[in-house]
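Note sheet for the following structure.
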Amino acid sequence: HSADTSEVGATATRVVTTETVFGNARYPLSGCFCTLPTTPANLIPAGTRFDSFFVAGGQCPYHMMQDAAITAIMDGADIAAAVCHGPEALIGSKWMTPTSGKFTAYYGCVMSFRDALDRFTWKPPPYTHQDSNLFSGNAPNATQAMVSEACTAIAKLRSKI
């Protein structure tokens, strides 16, 4: 997400550890996290293009929703991938409009998509869905397959450049 202007020491790069969800008997993810160097979206120079992006689930989308810098990055990308709650971050971008394609997400966030239920794909997890260059998965255990599919599409895209 973008750096808050009130953050002390906001720099171009910071190290972030993703969350780990505890207490979900269906998806035991106690060891599922990663630590990455990141750049806050609002510190990326305007006009920078990414060929693709990936949005993880959990609380991540709630920090990204309606963030103009995040939306600009998503709107400039050719390929989108989002899993579990991740598709919620796409709301407001070119990837989640009345004319965009079908997608899937965690069933618990379906109310966020009340304006897109005609495009919401309901399947038991783990399920991945591809509609053109939008890749989505409905549960953490769909991540590996969805990322593999998206990476194949990214490789094809880059081979054309």
Side-chain angles (χ1 to χ4, degrees), residues 1-21 32-106 109-116 119-121 128-140 142-161:
H1 63 86
S2 291
D4 184 334
T5 55
S6 67
E7 286 183 58
V8 176
T11 63
T13 303
R14 61 184 172 192
V15 176
V16 176
T17 300
T18 62
E19 69 186 64
T20 301
V21 179
C32 183
F33 66 92
C34 59
T35 301
L36 305 165
T38 67
T39 300
N42 61 333
L43 299 181
I44 294 173
T48 301
R49 270 195 91 266
F50 294 87
D51 56 9
S52 59
F53 65 90
F54 169 72
V55 182
Q59 299 301 309
C60 173
Y62 304 113
H63 296 286
M64 299 171 69
M65 292 173 71
Q66 308 305 316
D67 183 319
I70 296 282
T71 301
I73 290 168
M74 291 191 287
D75 285 346
D78 296 318
I79 296 173
V83 69
C84 201
H85 287 75
E88 288 179 295
L90 306 180
I91 296 169
S93 76
K94 75 176 187 181
W95 301 100
M96 196 61 63
T97 67
T99 58
S100 50
K102 290 186 178 272
F103 66 97
T104 192
Y106 175 63
C109 59
V110 70
M111 287 309 297
S112 294
F113 302 112
R114 59 189 170 275
D115 295 330
R119 296 187 322 277
F120 190 93
T121 305
T128 64
H129 189 84
Q130 178 187 356
D131 192 316
S132 186
N133 285 342
L134 172 58
F135 296 83
S136 55
N138 64 358
T143 304
Q144 184 174 358
M146 186 209 56
V147 168
S148 177
E149 294 164 7
C151 285
T152 299
I154 292 166
K156 286 181 185 175
L157 174 71
R158 287 183 174 176
S159 71
K160 294 177 184 177
I161 296 175

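One-based numbering along the sequence shown.
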**OP:** Name all residues meeting the side-chain hydrogen bond (donor to acceptor under 3.5 Å, both in side chains) criterion together with Gln144; count only those two or more places apart in sequence or in a different chain, and write none if there are none.
**Re:** none
**OP:** Output all residues satisfying side chain to side chain contact (heavy atoms under 4.5 Å, CB included) with Thr121, sequence neighbours left out; order by chain, then residue number.
**Re:** Lys102, Thr104, Lys123, Tyr127, His129
**OP:** Applying side-chain hydrogen bond (donor to acceptor under 3.5 Å, both in side chains), name anything that partners Ser148, two or more places apart in sequence or on another chain.
**Re:** none
Original post:
When rounded to the nearest 0.5 angstrom, what distance separates CE in Met64 from OG in Ser93?
Top reply: 9.5 Å
Subject >> Contacts of type side-chain hydrogen bond (donor to acceptor under 3.5 Å, both in side chains), residue Ser112, not counting sequence neighbours >> reply: Glu88
**OP:** Spell out, as yes or no, whether a donor-acceptor pair under 3.5 Å connects the side chain of Asn133 to the backbone of Asp78.
**Re:** yes
Original post:
To the nearest 0.5 Å, how far apart are CD1 in Ile91 and OG1 in Thr97?
Top reply: 12.0 Å
Subject >> Minimum heavy-atom distance Ala82-Leu90, with the two atoms named >> reply: CB-CD1, 4.3 Å
Original post:
Can you name the salt bridge (charged side-chain N to carboxylate O under 4.0 Å, His left out) partners of Asp131, sequence neighbours left out?
Top reply: none
Subject >> Main-chain N/O of Ile73 paired with Arg49 side-chain donor or acceptor, under 3.5 Å >> reply: no
Original post:
With Ala105, which residues qualify under side chain to side chain contact (heavy atoms under 4.5 Å, CB included), at least two apart?
Top reply: Pro87, Cys109, Phe113, Phe120
Subject >> Val55/Val83 under side-chain contact (heavy atoms from CB on, under 4.5 Å): CA gap, chis, key distance, verdict >> reply: CA-CA 7 Å; Val55 182; Val83 69; over 6 Å; no
Original post:
Which atoms form the tightest heavy-atom contact between Ala56 and Pro61, and what is the distance?
Top reply: O-CD, 3.7 Å
Subject >> Contacts of Ala81 that satisfy side chain to side chain contact (heavy atoms under 4.5 Å, CB included) - sequence neighbours left out >> reply: Phe54, Phe135, Met146, Ala150
**OP:** Under the salt bridge (charged side-chain N to carboxylate O under 4.0 Å, His left out) rule, collect the residues that match up with Asp75, sequence neighbours excluded.
**Re:** none
Original post:
Ignoring hydrogens and geometry, is there a side-chain-to-backbone donor-acceptor pair from Glu149 to Cys151 under 3.5 Å?
Top reply: no
**OP:** Please report the shortest heavy-atom distance between Ile70 and Ala41, naming the atom on each side.
**Re:** CD1-CB, 3.6 Å
**OP:** Would you mind reporting whether Phe103 and Leu134 have side-chain heavy atoms less than 4.5 Å apart?
**Re:** yes
Original post:
What residues, two or more places apart in sequence or in another chain, satisfy side chain to side chain contact (heavy atoms under 4.5 Å, CB included) together with Thr48?
Top reply: Ile44, Pro45, Phe50
**OP:** Measure across Thr143 and Pro140 and return the closest heavy-atom pair with its distance rounded to 0.1 Å.
**Re:** OG1-O, 2.8 Å
**OP:** With sequence neighbours excluded, give me every side-chain hydrogen bond (donor to acceptor under 3.5 Å, both in side chains) pair touching residues 152-161.
**Re:** Asp51-Arg158
Original post:
Is a donor on one side and an acceptor on the other found under 3.5 Å between the side chain of Trp95 and the backbone of Ser100?
Top reply: no
**OP:** Can you sort out the partners of Arg114 under salt bridge (charged side-chain N to carboxylate O under 4.0 Å, His left out), two or more places apart, ordered by chain and number?
**Re:** none
Subject >> Spacing of CG belonging to Asp67 relative to CE belonging to Met74, to within rounding of 0.5 Å >> reply: 8.5 Å
